[in-house]
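This report refers to the structure that appears directly beneath it.
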Amino acid sequence: MEKLTLTSRDETIALGEKIGRELAAGDVLVLDGDLGAGKTTFTKGLAKGLDIPDLIKSPTFTIIREYQDGRLPLYHMDAYRLENGGAEDLGLEEYFDSNGVSVVEWAEFVEDELPDDFLAIHFKRTDDDNTRVLEFEPHGDHFRKLVQDVVA
């Protein structure tokens, strides 16, 4: 598993932007980490890499936020509120099989709905408030290559 240490919010956004430039329709990213670990900050960079001009907000209360105005649509999902079920009713596979990019936070609550190929990024906080360690867990050749090209 590739690891990367980021020491600022700007580095987190820059990495998201770099990865966003490499994404294709139907790509799924799974982000996990504690509250405040940088998942939404990373997604802001990802949106920038997809040429999405909109302000990216956490989808905690809406479950799914859609951004249509970029190179590819972005579907930002927060599955935390699906802890007790309901994922199968959302039609997540329609998002995953779409012409956009899906970013799923708290994906452990929708694990059964995930496609075979996806990129999991684990955000870990450190003792330094500004530093995060990201671990990349690619599933499928496409994401192994992406991690190799962008992270390694």
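- Relative ring orientation between Tyr95 and Tyr75 is described as perpendicular, the plane-to-plane angle rising above 60° on a 0-90° scale split at 30° and 60°.
- Contact between Ser102 and Met77 at its shortest, heavy atoms only, is OG-CE, 3.8 Å.
- Side-chain atoms of Asp117 and Phe96, non-hydrogen and from C-beta on, never get closer than 4.5 Å to each other.
- Within the 4.5 Å cutoff, the side chain of Leu72 has no heavy atoms near those of the Asn99 side chain.
- Salt bridge status for Lys145 with Asp141: absent, with no side-chain N to carboxylate O gap under 4.0 Å.
- Counting non-hydrogen atoms of neighbouring residues, nucleotides and ligands closer than 6.0 angstrom, the CG atom of Asp128 exceeds 12 such neighbours.
- By the 4.5 Å heavy-atom criterion applied to side chains, Glu17 and Arg21 are counted as neighbours.
- If you run side-chain contact (heavy atoms from CB on, under 4.5 Å) between Lys124 and each of Lys3, Glu135, Arg132, only Glu135 comes through.
- The six-membered or imidazole ring of Phe42 lies near that of Phe123, with a centre-to-centre distance under 6.0 Å.
- In terms of heavy-atom proximity, Thr5 sits nearest to Glu11 at O-OE1, 4.1 Å.
- Closest of all the heavy-atom pairs between Asp116 and His139 is O-CB, 3.6 Å.
- Judged by distance alone, the side chains of Ser98 and Glu94 never bring a donor and an acceptor atom under 3.5 Å apart.
- In this structure the side chain of Leu6 reaches within 4.5 angstrom of the side chain of Leu15, judged on heavy atoms.
- With values rounded to the nearest 0.5 angstrom, Leu146 atom CG is found 8.0 Å from Leu29 atom CG.
- Residues Ile121 and Val30 are not in side-chain contact: their nearest non-hydrogen atoms beyond the backbone lie 4.5 Å or more apart.
- Contact annotation: the side chain of Leu119 never approaches that of Asp27 to less than 4.5 Å [non-hydrogen atoms, C-beta and beyond].
- Remark: Ile52 CD1 to Leu46 CG distance equals 8.0 Å, nearest 0.5 Å.
- Put simply, the residue from Glu105, Arg65, Lys39, Lys44 that forms a side-chain hydrogen bond (donor to acceptor under 3.5 Å, both in side chains) with His76 is Glu105.
- Inter-residue side-chain proximity for Leu50 and Val101 is flagged as met; some heavy-atom pair is nearer than 4.5 Å.
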